**Q** 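Mind looking over this structure? Questions follow.
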2 protein chains.
Amino acid sequence: MNQYTQYSKGCSACKDKADIFSCLCQTELDQIDEKRIEVHFKAGELIFKQGTPNMHFLCLTQGKVKTYIEGFNDKNLILSVVKPVEYILGPGIYADQMHHFSAMAIEDSVACLVDLVTFKSLIRNNPDFAEDFLKKISLQSIYNYELFISLTQKQMPGRIADVLLYLKDKVYGSNSFRTSLSRQDLADMSGMSKESAIRILREFKDEGIIQVNGNDFEILNTEHLSKISQTG
Amino acid sequence: MNQYTQYSKGCSACKDKADIFSCLCQTELDQIDEKRIEVHFKAGELIFKQGTPNMHFLCLTQGKVKTYIEGFNDKNLILSVVKPVEYILGPGIYADQMHHFSAMAIEDSVACLVDLVTFKSLIRNNPDFAEDFLKKISLQSIYNYELFISLTQKQMPGRIADVLLYLKDKVYGSNSFRTSLSRQDLADMSGMSKESAIRILREFKDEGIIQVNGNDFEILNTEHLSKISQTG
DNA sequence: CAAAGATAATGACATATATCAATATATCGG
DNA sequence: CCGATATATTGATATATGTCATTATCTTTG
């Protein structure tokens, strides 16, 4: 078993691990498999950049990736942290064929690229797959609304609480985790300066809500954290 | 000609005015027409409310509607101001069948409701319509990203500039307009208190960038406004 | 038309948050 | 293993923005 093991298995292996391809029959999976390009990224490497043409549909099979909007004054807003097996899709696919956010590997990662012509033809020819796709982007859209409220109506403790709960529930699936996200990344997820993010984390630590040691996090009191998220 | 004139014309009339139905053939249009319920709303009336079941696809044929997320402490975040002929669709349609934002008429308005079964069957059976729909929600998603940056990375003058440019370009299509949005609404569009919104508007007026008189607005210096939007 | 209620405008003040500067700690290449 | 470089932490200070109180203006209605 080496890092290329995944390579030989192809799309069928991913189908078993994720529901995103569950609507596709074997012929359709083979069709993707044929066009598929597998790429390895090292931690810190840019996968695609905001403002460049969006020519491929991208599926993450190993590692972790952050997606972020590059805003003003070199400030970024992290939209999501993607884990395997999920696809990373932007709205450009059906609009202007451009990337509207950037994606960067935060761990060593493997992604499969499939050209959009193949992807779009699957959408056109398989209504189940189309509906599944619509559901996926709808869920993402719903999450974006929550993000809107968190970022615009909550104060810093509420925003940091939301970030911690997101990491626990959506990314690492555990109360304790070691993250490869920097403090700057946590700040970019909560729309504040890194100094402020650090201060809030320390407060949470002092209050016994979390345990932090470098990049090791443990959420000790989820209810309290949820309450902070609620009260803003 | 009275307010009900629109009624008798049906969907074909809307097809001429808007591109949203351009992919549908006459049979399909008739199919919608048959299921269509036309409803009149007075200014200030709630069209649908966040947290209630989303059972219909909604198309605005007259008037203006604001869509907004109801957040914490009775604070709202206005997502869009919709004008005819556009549809108002939420991500709930393909996710949990719930409304994730509210919609309220800000002028006397007319909307057509079509049950989701009919709508979804059109999506399934007409790939062109499905692609068109995907394009629509993609464009909305792209706009949401711009909103993210405006709300989280710009200071108040930049945010108010963005609101004014949005009203000019996307809602009223003119440098001068009379709006039915209150100052509170403008504040809810830019994520600030109404007092702050009022103050910034006065500053813009004093600097000769805009002319304001009650609800009558005129943008005198679009370049300056764009520059304020850019510099944050 | 007048009274009542809503909306708008303005000023004084409080505070959440960013910025800047200094120090500490971790990470990495040779 | 060590110096160099990046990242994290902390404190002092500045500032953008919200809140509260007051007055003005508009709108509605009997």
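Just so we're clear, the structure is a prediction, and the values are computed from it rather than from any experiment. Residue numbers start from 1 in every chain, and the chains themselves are labelled A, B, ... in the order their sequence lines are given, proteins ahead of strands.
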**Q** Side chain of B:Ser193: nearest nucleotide among D:dT17, C:dA21, D:dT19?
**A** D:dT19
**Q** Taking CZ from A:Arg159 and C1' from C:dA18, how many angstroms apart are they, rounded to a whole number?
**A** 11 Å
**Q** Is the side chain of B:Gln50 donor-acceptor paired with the backbone N or O of B:His99 at a distance under 3.5 Å, no angle test?
**A**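 Here the side-chain-to-backbone pair does not exist.
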**Q** Report the distance from atom CE of A:Met156 to atom P of D:dA16, rounded to the nearest whole Å.
**A**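 Interatomic distance, CE of A:Met156 to P of D:dA16: 16 Å.
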**Q** Roughly how many Å is it from CD in B:Gln153 to P in D:dA16, rounded to a whole number?
**A** 17 Å
**Q** Roughly how many Å is it from CZ in B:Phe217 to P in C:dA8, rounded to a whole number?
**A**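 The answer, rounded to whole Å, is 9 Å.
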**Q** Give the rounded distance in Å between these two atoms: CD1 of B:Ile200 and P of C:dG11.
**A**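 These atoms are roughly 14 Å apart.
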**Q** Using ring centroids (six-membered ring only for Trp), state whether A:Tyr143 and A:Phe148 fall under 6.0 Å.
**A**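 No, they do not, as the ring centres are separated by 6.0 Å or more.
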**Q** Any idea how B:Phe177 and B:Tyr172 line up, ring-wise: parallel (<30°), tilted (30 to 60°), or perpendicular (>60°)?
**A** parallel
**Q** Nearest of D:dT10, D:dG18, C:dA8 to any side-chain atom of B:Ile198?
**A**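 Shortest atom-to-atom distance from the side chain points to C:dA8.
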**Q** Is there, by distance only and without an angle test, a donor paired with an acceptor across the side chain of B:Arg199 and the base of D:dG18 below 3.5 Å?
**A** no
**Q** Rounded to whole angstrom units, what separation is found between the CG atom of A:Asp188 and the C1' atom of C:dA18?
**A**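 One finds 14 Å between C1' of C:dA18 and CG of A:Asp188, rounded.
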**Q** Of the candidate nucleotides D:dT17, C:dT10, D:dA8, which contains the atom at the shortest distance from the side chain of A:Asn215?
**A** D:dA8
**Q** Does A:Asp108 use its side chain to pair, donor to acceptor, with the backbone of A:Ala43 at less than 3.5 Å?
**A** yes
**Q** Between A:Met192 (CE) and D:dT17 (P), how many Å, whole number?
**A** 16 Å
**Q** Suppose we call a contact any N or O donor and acceptor under 3.5 Å apart; does that hold for the side chain of A:Arg183 and the base of C:dT25?
**A** no
**Q** In whole Å, I'd like the distance from the CD atom of B:Glu195 to the C1' atom of C:dT15.
**A**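 Whole-Å distance recorded here is 15 Å.
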**Q** In terms of side-chain heavy atoms of A:Gln155, which of C:dA9, D:dG18, C:dT17 is nearest?
**A**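 The listed nucleotide nearest to A:Gln155's side chain is C:dT17.
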**Q** B:Arg202 has a side chain; which of C:dA9, D:dG18, C:dT17 sits nearest to it?
**A**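 From the listed options, C:dA9 comes nearest.
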**Q** Using heavy-atom distances to pick each residue's nearest nucleotide on DNA chain C, tell me which of B:Gln184 and A:Lys75 is more 5'.
**A**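 Its nucleotide being nearer the 5' end, the pick is B:Gln184.
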**Q** Measure the acute angle between the ring planes of A:Phe119 and A:Phe57, then classify it against the limits of 30° and 60° as parallel, tilted or perpendicular.
**A**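 The rings of A:Phe119 and A:Phe57 lie parallel, inter-plane angle below 30°.
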